[in-house]
Chemist: 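Structure in structure tokens, see below.
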Amino acid sequence: MLPKWFNDWNSKNPVDIYGPAILVGALGAAVLVAAALVSLGQPYATDSLQTGPRGTGMSVPEFVADLAVPDPDIAEVYEDPPLIPEAGEALARDIYQNVEVLGDLTEANFLRVMNAMTLWVSPEQGCAYCHGDGDVETYGADDLYTKVVARRMIEMTQNINESWDGHVNANKQVGVTCFTCHRGQNVPSDIWFKIAPVNMAAEGWSAIQNRATLRSQYTSLPADALEHYLLDYNRIGVHNLESRVSERVSDPDVPAIQDAERTYSLMNYVANSLGVNCVFCHNSRAFYDGGQVTPQWATATLGIAMVQELNNDYLVPLADVYPANRLGPIHGDAPKAACRTCHKGYQQPLQGTNVIRDYPELATTGAPVYEAPTQ
């Protein structure tokens, strides 16, 4: 339909029309997307949890889509209410051999708790994980390390629920059970072992810093923060508030730059463990001032003290019980707990699901208190 002279000229003078067309198309698409964002709104909408006074920027932003998705492990939490004991019922310690904990339970409740522990810790191996493959008559033996450890872990769980109520149940009754950490695994995820010094050939501060490790959240921050603060009871301190201090930095009571960097490493770990930021606990204009912190700061402080006790009184002493394959790869130390062992990235473990309601046996070191179910 075009004149012959035009077709002849066009064939002798070819022009690249695809490049400009692609450029114009890309620009048009970008304009279309921008217009859609303006007219339809942010497709990844966020919501904020205000943690401090208005105007201070103290809030924890989260994607609305993430807030709508529950922790998948919550689906594994099931109801199994206890059986109210009747007068005269025989107790577990009178029926079974070597029942050092939970012996004051009736047989029905004892077996109910044992079944729950099996599902929480060893769903594949079953009872044999702690008791071996023998008959029920052999279950009283302490031949397997798993049974010895499990007994101590029951005592630890009871202590957490009884002695650390201010941390565990800060907002409402939540409690902890074996499932809080184990989630159907023999060994809980997010346990930790001693890692420092990272570089055995280096001396001094470089031996624990500037190495990308899981313990330092893959940053250049010190890799020994967990063992320094959650195991060794060292003071968490960033800096001295006095200008040009005259004390020596070697003095353990003087916060030095190393302590500041360790503190940042620990705080980074805590924030990632709970899926929050710094202002969840601190006032951003006065991090050091305990009078300007949020209520969550007190809860977190109790949590740090709790973890210190759990590691030193319950977990570390089990080092001689574990086989070599359960010990740390560098120092041969026992596995230890920290914030993420329970929280798994959420502000509350299992997002605040009440896991202790059906297991009063794990809520106290004494005889459990049973309550009739409400209608």
Side-chain angles (χ1 to χ4, degrees), residues 49 51 58 60-62 66 71 160 164 167-168 170 176 180-181 183 187-199 205 207-239 255-284 287-288 293-294 296-312 315-316 328-331 333-351:
L49 171 66
T51 61
M58 296 178 64
V60 178
E62 295 180 288
D66 292 340
D71 182 343
I160 293 173
W164 296 98
H167 176 74
V168 176
V176 299
T180 304
C181 291
R183 313 288 177 102
V187 180
S189 62
D190 302 301
I191 57 174
W192 63 277
F193 300 96
K194 296 172 70 173
I195 192 173
V198 177
N199 184 358
W205 190 238
I208 58 172
Q209 194 171 2
N210 297 326
R211 301 291 187 276
T213 67
L214 174 62
R215 209 60 61 235
S216 61
Q217 308 292 288
Y218 298 108
T219 68
S220 62
L221 294 169
D224 67 341
L226 296 189
E227 53 196 87
H228 194 74
Y229 296 123
L230 301 185
L231 181 64
D232 295 338
Y233 290 101
N234 284 297
R235 174 177 173 268
I236 301 174
V238 175
H239 61 88
I257 187 173
Q258 289 89 345
D259 297 296
E261 292 178 342
R262 278 199 185 100
T263 298
Y264 295 146
S265 182
L266 176 67
M267 293 296 104
N268 191 32
Y269 168 81
V270 172
N272 289 329
S273 298
L274 275 64
V276 297
N277 55 24
C278 303
V279 296
F280 186 67
C281 292
H282 296 277
N283 188 320
S284 56
F287 276 80
Y288 56 83
V293 295
T294 71
Q296 291 85 359
W297 179 90
T299 304
T301 300
L302 282 175
I304 290 173
M306 180 187 74
V307 171
Q308 290 170 337
E309 179 184 278
L310 301 185
N311 285 329
N312 284 282
L315 300 177
V316 170
I330 298 177
H331 296 283
D333 54 321
K336 289 168 282 295
C339 311
R340 195 174 181 87
T341 314
C342 289
H343 284 263
K344 313 291 186 189
Y346 295 95
Q347 292 176 21
Q348 290 183 288
L350 295 164
Q351 294 180 295

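Quick caveat: nothing in here was measured; it's all calculated off a predicted structure.
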Chemist: If you round to the nearest 0.5 Å, how far is CG of Leu226 from CD1 of Ile195?
Modeler: 9.5 Å
Chemist: Evaluate the side chain to side chain contact (heavy atoms under 4.5 Å, CB included) criterion for residues Asn312 and Tyr233: first the C-alpha distance (whole Å), next the side-chain angles of each, then the deciding distance (0.1 Å), finally the verdict.
Modeler: CA-CA 10 Å; Asn312 284 282; Tyr233 290 101; 3.1 Å; yes
Chemist: Which distance, rounded to the nearest 0.5 Å, do you find between the SG of Cys342 and the CG of Leu310?
Modeler: 8.0 Å
Chemist: Closest heavy-atom contact between Ile236 and Tyr229?
Modeler: CG1-CD2, 3.5 Å
Chemist: Shortest non-hydrogen contact from Val293 to Cys281?
Modeler: CB-O, 3.5 Å
Chemist: Which residues satisfy the side-chain hydrogen bond (donor to acceptor under 3.5 Å, both in side chains) test with Asp232, sequence neighbours excluded?
Modeler: none
Chemist: How close do Pro349 and Thr180 get, heavy atom to heavy atom, and via which atoms?
Modeler: CB-CG2, 3.9 Å
Chemist: Residues two or more places apart in sequence or in another chain: which of them pass side-chain hydrogen bond (donor to acceptor under 3.5 Å, both in side chains) with Gln296?
Modeler: Thr294
Chemist: If you measure from CD on Glu309 to CD1 on Ile160, what distance do you get to the nearest 0.5 Å?
Modeler: 9.0 Å
Chemist: According to side chain to side chain contact (heavy atoms under 4.5 Å, CB included), who are the partners of His228, at least two apart in sequence or on a separate chain?
Modeler: Asn234, Asp259, Arg262
Chemist: What distance separates Cys181 SG from His343 NE2, expressed to the nearest 0.5 Å?
Modeler: 9.5 Å
Chemist: With sequence neighbours excluded, tell me which residues meet ring pair (Phe, Tyr, Trp, His ring centres under 6.0 Å) with Phe287.
Modeler: His282
Chemist: Kindly write out the residues that satisfy side chain to side chain contact (heavy atoms under 4.5 Å, CB included) with Lys336, not counting sequence neighbours, or none if the list is empty.
Modeler: Trp192, Lys194, Leu231, Asn311, Val316, Asp333
Chemist: Considering residues at least two apart in sequence or located in another chain, which fulfil the side chain to side chain contact (heavy atoms under 4.5 Å, CB included) criterion with Ala334?
Modeler: Ala319, Tyr322
Chemist: State which residues pass side chain to side chain contact (heavy atoms under 4.5 Å, CB included) with Ile191; sequence neighbours excluded, sorted by chain then number.
Modeler: Val187, Pro188, Phe193, Pro335, Thr341
Chemist: Using the side-chain hydrogen bond (donor to acceptor under 3.5 Å, both in side chains) criterion, which residues pair with Gln308? Sequence neighbours excluded.
Modeler: none
Chemist: What residues form a side-chain hydrogen bond (donor to acceptor under 3.5 Å, both in side chains) with Tyr346, not counting sequence neighbours?
Modeler: none
Chemist: According to salt bridge (charged side-chain N to carboxylate O under 4.0 Å, His left out), who are the partners of Arg340, at least two apart in sequence or on a separate chain?
Modeler: Asp190
Chemist: Do Ser265 side-chain atoms and Glu261 backbone N/O form a donor-acceptor pair below 3.5 Å?
Modeler: no
Chemist: Cut-off 3.5 Å, no hydrogens considered: what does the side-chain donor-acceptor table look like for residues 272-280, sequence neighbours left out?
Modeler:
residue, atom, partner, partner atom, Å
Asn272, ND2, Gln217, OE1, 2.8
Asn272, ND2, Asn268, O, 3.2
Ser273, OG, Tyr269, O, 2.7
Asn277, OD1, Val279, N, 3.4
Asn277, ND2, Ser59, O, 3.1

Chemist: For Leu315 and Ala337, which heavy atoms make the closest approach, and how far apart are they?
Modeler: CD1-N, 3.5 Å
Chemist: Report the distance from atom CG of Asp71 to atom CD of Gln348, rounding to the nearest 0.5 Å.
Modeler: 12.0 Å
